[in-house]
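We use all heavy atoms of the structure for the numbers below, so side chains are in, but hydrogens, waters and symmetry mates are not.
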Amino acid sequence: MSEMWQNILFTFFGGLGLFLFSMKYLGDGLQLMAGDKMRSLLDKYTSTPLKAVLVGTFVTVLIQSSSGTTVIVVSLVAAGLLKLKQAIGVVMGANIGTTITSFIIGIPVSDYALPAIFVGSILLFFVKKKSVNNLGRVIFSLGGIFYSLKLMSSAMKPLQKMDWFVESLHGLDGSPLMGVLIGAALTVIVQSSSATIAVLQNIYADGAITLVGALPVLFGDNIGTTITAILATLGSTIAAKRVAASHVMFNVIGTIICMILIAPFTMYIEYMSGLLGLNPKLQIAWAHGSFNIFNTIIQFPFIWLLASIVTKIIPGEDEVIKHRTSLEPALITSAPAVALGQVRREVISMTALSKKSLANATSYLITKEPNLQEKGHTYEDAINNIDVEITEYLTKLFREKLSEKEGIEASTYLDITRDIERVGDHARDILAEVDYQIKKGVEFSEAAKNDVKIINSETQKMIDLTIKALEEDDNIIASEAMAICDKVASLKNSARKSHTQRMKDGLCDIKAGVLYLDLLAHYMRICEHMRNVLEKKLTGQM
C-alpha cells in the first residue's frame with residue numbers, strides 16, 4: 001500500500017471512528033443530563049398522533065439519535081406502554097429531530113474543535129459534580145464531532161484529483177437509484193445516518209458531487225438508518241416488529257415520492273439556498289430536514305393506514321402486559337367502599353401478573369431463550385408500576401372517613417401488594433441467577449431441572465388457588481392453597497439432598513450446586529409470601 005493511500009484510509013477511518021464515538025458519547029451525556037425523563041415523556045405525552053410526532057422530535061433532538069429514540073419506542077411498545085399508532089407518530093418525529101445533527105455539522109466551527117475537547121476534558125476529569133461532568137461529556141463530544149469531520153474532509157481531498165473517483169461520483173447524476181442504494185448500504189455498515197450524511201456534506205462541499213447526485217444518497221441514508229430498529233426487534237414482540245416495519249415503510253415511501261419529484265425538489269433546495277445564503281454543508285442539512293418534514297406531512301394523515309398495512313404484513317397477537325391499574329380516583333371521596341372493591345380487583349390482577357412473571361423466569365431457566373429475559377424485566381416493571389399505583393390510591397383512601405372494617409381491609413391490601421411485589425422480585429432474581437449461570441458456563445443436570453419443574457408446578461398451583469380463593473371469597477380453597485407451602489418446603493429439602501448427593505458423586509460441580517440451592521430458595525420464599533396473603537384471607541382481614 002502506498003503512503004498516500006495509507007494516509008487516506010487511516011485518516012478517514014480514524015475520523016469516522018472518532019465521529020461515531022463522539023455521537024454515542026454525546027447521546028449518553030444528553031441522556032444523563034435529562035435523567036429518566038425521556039421514557040416518561042414518551043409514555044405520558046403521546047396520546048394523539050400530533051403529540052407523538054412532537055415528542056419524537058423533541059426527544060431525538062435531546063439524545064441526538066433517531067435510532068436511539070426508535071429503540072426506546074420499540075421497548076415501550078414491547079412493554080405495552082405505547083400503541084402502534086402512537087409509536088409511528090414518535091418515529092416520524094424522530095426522523096425530523098435527527099436532522100438537527102446535520103445542521104450542527106453545517107456550521108463552520110471546526111476551528112474550535114480542539115479547544116472544546118480540552119474544555120470538555122477539564123469538566124470531565126477535574127470536577128466532581130455530576131451535572132458538570134455531564135456537561136463536560138457534551139462539550140467534549142461536540143469537539144470530537146467537529147474534529148472528526150475535519151479529519152474525514154482532509155482525507156477525502158486527495159481523491160478529488162483522481163479521475164476514477166470524480167467520474168464515479170458524477171456518474172451518480174444519471175443513476176439516482178444507485179445513489180439511494182449506496183446511501184442505504186453505507187448507513188447500514190456504519191450504523192449512523194449522521195455519519196454518512198456528514199461524509200456526504202464534506203464531499204458535496206468540496207465540489208466532488210453535484211446536488212442532483214447527492215440527494216438520492218441522502219434519501220438512501222434515511223432508509224439505511226432503519227436497520228437499527230430492525231435489530232432492536234430481534235426476539236422481541238410482534239408489536240415491536242410492526243414498529244420497525246413501519247419505520248422502514250415510512251422512509252421507503254418518502255424516498256419513492258421524493259425520487260419521483262427529484263427535479264422540483266432539487267429546484268426547491270437551490271432556491272432556498274440562494275434565498276437564505278446557505279453554504280454547501282447547510283444545503284445538505286436543509287435538504288435532509290425538508291425531506292423528513294415533507295415526508296411526515298405527506299404520511300401523517302395516513303398513520304392509520306401504515307398501522308393497518310404492517311399489521312397485515314406481520315400478523316398475530318401479542319400478550320399485552322398490563323402496566324397500569326384501572327382505579328377510579330373519583331371513587332375515593334364519593335364511594336370509598338366501591339374504591340376498596342376496585343383495589344381488591346387490581347390486587348388479584350397483580351397476583352396473576354406475578355404468576356406469569358414466575359412462569360416466564362422458570363422458562364428462561366430451562367430454555368435460556370434471550371427474549372424471555374427481556375420479557376421478565378418487562379413483567380418486573382409492570383408489577384412495580386401497579387404496586388406504586390395501588391399504594392398511592394390506598395394512601396389517598398386512608399385520608400377519607402373509613403369504617404373500622406374498611407380501614408383494616410385497606411391496610412391488608414397495602415400489606416398484600418408488598419408480598420406480591422416481592423414475588424415479582426424473586427422472579428427477577430431467578431433471571432439474574434440464570435444470567436450468572438450463562439456467564440459462568442454453569443449447567444444443571446436433567447435431574448436438577450426436573451426437580452425445579454416440579455417445585456415450580458406446585459408454586460404455580462399455590463398462586464392459582466390463592467387467586468381463586470380471593471376471587472370466590474372461599475376459605476376452603478385458601479386452606480388448600482396454604483397446604484401447598486409445606487409440600488413445596490418438603491420438595492425443596494428433598495431436591496437439596498439429591499443435589500448434595502450428586503455433588504458428592506461428582507455428577508455436579510460445586511459452582512452449579514451453590515447456584516442451584518440459591519435458586520430453590522426463591523421458590524420457597526415465593527410460597528411464603530403467598531402464605532402471608534392467605535393468612536390474611538383466612539383471618540377475615542379481607
message = Checking Y379 against S354 for the side-chain hydrogen bond (donor to acceptor under 3.5 Å, both in side chains) test, could you report, in this order, the C-alpha distance in whole Å, the side-chain angles of both residues, the deciding distance, and whether it holds?
response = CA-CA 8 Å; Y379 276 122; S354 71; over 6 Å; no

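- Rounding to the nearest 0.5 Å places CZ of R531 at 14.0 Å from CD1 of I526.
- When all heavy atoms of L124 and G136 are compared, the closest pair comes out as CG-C, 4.1 Å.
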Please evaluate residues E535 and M482 with respect to the criterion side-chain contact (heavy atoms from CB on, under 4.5 Å), reporting the C-alpha separation (whole Å), side-chain torsions for both, the decisive distance (0.1 Å), and the verdict.
CA-CA 8 Å; E535 283 176 349; M482 183 82 86; 3.5 Å; yes

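- The environment of F398 atom CZ is dense: over 12 non-hydrogen atoms of other residues, nucleotides or ligands sit within 6.0 angstrom.
- Listed here is the closest heavy atom pair of M462 and C485: CE-CB, 3.8 Å.
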Could you give the side-chain donor-acceptor pairs of residues 421-428 under 3.5 Å, partners two or more places apart or in another chain?
residue, atom, partner, partner atom, Å
R422, NH1, D425, OD2, 2.9
D425, OD1, R428, NH1, 3.4
H426, ND1, H522, ND1, 3.2
R428, NH1, E380, OE2, 3.4

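- Annotation for I383 and I420: closest pair CG2-O, 4.5 Å, computed over non-hydrogen atoms.
- Looking at heavy atoms from C-beta onward, D415 lies out of side-chain contact with N532 at the 4.5 angstrom threshold.
- K368 places a side-chain heavy atom less than 4.5 Å from the side chain of Q437.
- Scanning all heavy atoms of the two residues, the minimum distance from L465 to I484 falls at CD1-CD1, 3.7 Å.
- Listed for the Q86 side chain is no donor-acceptor partner under 3.5 Å among the backbone atoms of A52.
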Using the side-chain hydrogen bond (donor to acceptor under 3.5 Å, both in side chains) rule, take N295 and Q299 through it: C-alpha gap first, then chi angles, then the decisive distance, then the call. CA-CA 6 Å; N295 197 10; Q299 297 191 55; 2.4 Å; yes

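- In this structure, SG in C527 is found 10.0 Å from CG in D486, a value given to the nearest 0.5 Å.
- Between the side chains of N450 and E446, not a single donor N or O lies within less than 3.5 Å of an accepting N or O.
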side-chain contact (heavy atoms from CB on, under 4.5 Å) between I463 and T351, worked out = CA-CA 8 Å; I463 300 174; T351 308; 3.9 Å; yes

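- For I476, the CD1 atom sits in a loose shell: 12 or fewer heavy atoms of surrounding residues, nucleotides or ligands are nearer than 6.0 Å.
- The shortest side-chain heavy-atom distance between V452 and Y523 falls under the 4.5 Å cut-off.
- Taken from CG in N456 to CG in L519, the straight-line distance is 10.0 Å, to the nearest 0.5 Å.
- Looking at T391 and T395, their side chains come closer than 4.5 Å, going by heavy atoms from C-beta outward.
- Remark: side-chain polar atoms of N493 are paired, donor with acceptor, to backbone N or O of A489 under 3.5 angstrom.
- Side-chain contact between R344 and D473: present, with at least one pair of heavy atoms (C-beta onward) separated by less than 4.5 Å.
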Practice problem: Take R418 and D387 through the salt bridge (charged side-chain N to carboxylate O under 4.0 Å, His left out) test and state the conclusion after the steps. | Solution: CA-CA 8 Å; R418 294 290 176 272; D387 176 37; 3.1 Å; yes

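- Taking both residues in full, the closest heavy atoms of I88 and S246 are given as CG1-OG, 3.5 Å, listed atom of the first, atom of the second, then distance.
- Proximity of a side-chain donor or acceptor of T412 to a complementary backbone N or O of I408 within less than 3.5 Å is detected.
- Between the side chain of N251 and the backbone N or O of H247, at least one donor-acceptor pair lies under 3.5 Å.
- Considering only heavy atoms from C-beta on, V343 comes within 4.5 Å of L394 through its side chain.
- In terms of heavy-atom proximity, M92 sits nearest to F250 at CG-CE1, 3.6 Å.
- Not a single donor-acceptor pair under 3.5 Å links the side chain of S357 to the backbone N or O of L353.
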Exercise. Step by step, would you call I454 with L491 a side-chain contact (heavy atoms from CB on, under 4.5 Å)?
Worked result: CA-CA 8 Å; I454 293 168; L491 288 168; 4.1 Å; yes

Any chance you could lay out the side-chain contact (heavy atoms from CB on, under 4.5 Å) test for L340 and Y413, step after step, and finish with the verdict?
CA-CA 9 Å; L340 274 175; Y413 290 140; 4.0 Å; yes

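- Between the side chain of D474 and the backbone N or O of K468, no donor-acceptor pair lies under 3.5 Å.
- Summarising the geometry, atom CD1 belonging to I348 is positioned 8.5 Å from atom CD1 belonging to I467; distances are rounded to the nearest 0.5 Å.
- Here Q460 contributes atom CD and L358 contributes atom CG; the two are 4.5 Å apart, rounded to the nearest 0.5 Å.
- Put simply, the side chain of L306 does not reach to within 4.5 Å of the side chain of V310, judged on heavy atoms.
- With hydrogens and angles left out, the side-chain atoms of Y393 and E389 include no donor and acceptor closer than 3.5 Å.
- M350 is not listed as a side-chain neighbour of E346, based on a closest heavy-atom distance of 4.5 Å or more.
- The main-chain N or O of R345 is never found under 3.5 Å from a side-chain atom of S349 such that the two would form a donor-acceptor pair.
- The environment of K405 atom NZ is sparse: at most 12 non-hydrogen atoms of other residues, nucleotides or ligands sit within 6.0 angstrom.
- In this structure, CG in L372 is found 5.0 Å from CG in N360, a value given to the nearest 0.5 Å.
- With hydrogens and angles ignored, the 3.5 Å screen pairs no side-chain donor or acceptor of N475 with any backbone N or O of A478.
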